[in-house]
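Dropping a structure here in structure tokens format, bear with me for questions.
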Amino acid sequence: MFIEIKKLNKSYGEGDNKIKVINNVSLDIEKGTICMIIGASGSGKSTFLNLIGAMDVADSGSIVIDGKDITKLKAAKLTDYRREYLGYIFQFYNLIPDLTVLENIETTQYLGKDNMDIDELIRLLGLEEHKNKFPSQLSGGQQQRCAIGRALVKKPSILLCDEPTGALDSKTSQDILELLEEVNEKFGTTIIMVTHNNDITCMADHIVVFSDGKIVRSSKNKNKRSIKGMRNSAL
Ligand SMILES: Nc1ncnc2c1ncn2[C@@H]1O[C@H](COP(=O)(O)OP(=O)(O)O)[C@@H](O)[C@H]1O
Ligand SMILES: [Mg+2]
């Protein structure tokens, strides 16, 4: 199994204020699949994603990625893990405002050993005409495309997306999801996506439902459909 999470626990706060946010969670994710995580606000989805992304530290349990337990890695090795395996996409893009589209994408280029050709990437993103613009000159969808480019340039095997369409209208959301689907198909990137939109789980291979820090459902999607087929439907 590519990603094996076992008995993961995470609490915030101390004493009477202590809250258990991830409660004994175990999950396996297959390589090259799209795994969607849904559940109410506050159920622990982002915390779970941040633990996989080594942006937060678990209290106990293991997260084995490609045979390595990242909960046991020291800081320097953890940096190597992030660099080698991960791309991150957030709801509010997190672009650097003073850099152009091209420059934003180039910021992560030096991290990888084997990078994508930037011109080809910009074409895939549909940003040829916008590559010399600054984030403030772009629409939300274009900014998210740029953020996806920044995440992809070093060819990560895992793309972590926390509500990537949470700030976008339905048409633009559809465009972004089609792009992520294309990335999954073209590069075999494993995509783990937190979403509040249950309607888009049709494009997932694996659907995980969180409630109060626990996984209450984890199932393979037998009726997986391309998000492209959803065009013009009420997303
Ligand atoms: N850094 C933090 N410090 C304290 N509490 C936190 C922190 N991050 C998240 N929480 C709490 O953990 C719970 C789960 O949060 P989160 O993982 O963001 O849920 P979701 O993404 O499902 O909305 C919430 O009650 C939230 O307030
Ligand atoms: Mg969240």
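Residue numbers start at 1 and run along the sequence shown. Atoms within each ligand, like the ligands themselves, are counted from 1 in listed order.
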Considering only the protein, which heavy-atom contact is closest to atom 18 (O) of ligand 1, and what is its distance? Ser46 CB, 3.7 Å

With a cut-off of 2.8 Å, does Thr47 place any N/O/S atom under that distance from the Mg ion (ligand 2)? no

Option set Asp162, Ile19, Asn17, criterion heavy-atom distance to atom 11 (C) of ligand 1, minimum: Ile19

Determine, step by step, whether Ile105 and Leu125 satisfy the side chain to side chain contact (heavy atoms under 4.5 Å, CB included) criterion, reporting the C-alpha distance in whole Å, the side-chain angles of both residues, the deciding distance to 0.1 Å, and the verdict. CA-CA 11 Å; Ile105 293 173; Leu125 299 166; 3.9 Å; yes

Can you tell me if Gly39 contacts ligand 1 (heavy atom of the residue under 4.0 Å from the ligand)? no

Top protein contact for atom 8 (N) of ligand 1, by heavy-atom distance: Tyr12 CE1, 3.3 Å

Is a side-chain donor-acceptor pair under 3.5 Å present for Asp162 with Ser46? yes

Check step by step if side chain to side chain contact (heavy atoms under 4.5 Å, CB included) holds for Ile29 and Phe2. CA-CA 6 Å; Ile29 300 173; Phe2 188 47; over 6 Å; no

Assess, by modelled atom type and distance only, whether the side chains of His196 and Ser41 contain a donor and an acceptor separated by less than 3.5 Å. no

Is the closest protein non-hydrogen atom to atom 26 (C) of ligand 1 under 4.0 Å? no

Quick one: do Ile38 and Ile22 end up in the same hydrophobic cluster if we chain Ile, Leu, Val, Met, Phe, Trp and Tyr together by side-chain heavy atoms under 4.5 Å apart? no

Do Gly42 and ligand 1 have an N or O pair less than 3.5 Å apart? yes

Looking only at protein heavy atoms, identify the closest one to atom 15 (O) of ligand 1 and say how far it is in Å. Thr47 OG1, 3.9 Å

Report, as yes or no, whether the 6.0 Å neighbourhood of atom NZ on Lys214 holds more than 12 heavy atoms from other residues, nucleotides or ligands. no

Under 3.5 Å, is there a donor on one side chain and an acceptor on the other for Asp175 and Thr172? no

When distances are taken from atom 19 (O) of ligand 1, the protein heavy atom at minimum range is Gly44 N, 3.2 Å

Count I, L, V, M, F, W, Y as connected when their side-chain heavy atoms are under 4.5 Å apart, and connections chain through other members. Are Val208 and Ile200 then in the same cluster? no

Could you name the option among Lys18, Lys45, Lys10 that has the heavy atom nearest to atom 22 (O) of ligand 1? Lys45

Heavy-atom nearest neighbour of atom 13 (C) of ligand 1 within options Val21, Ile38, Asp56: Val21

Does ligand 1 have an atom that lies less than 4.0 angstrom from a heavy atom of Ala40? yes

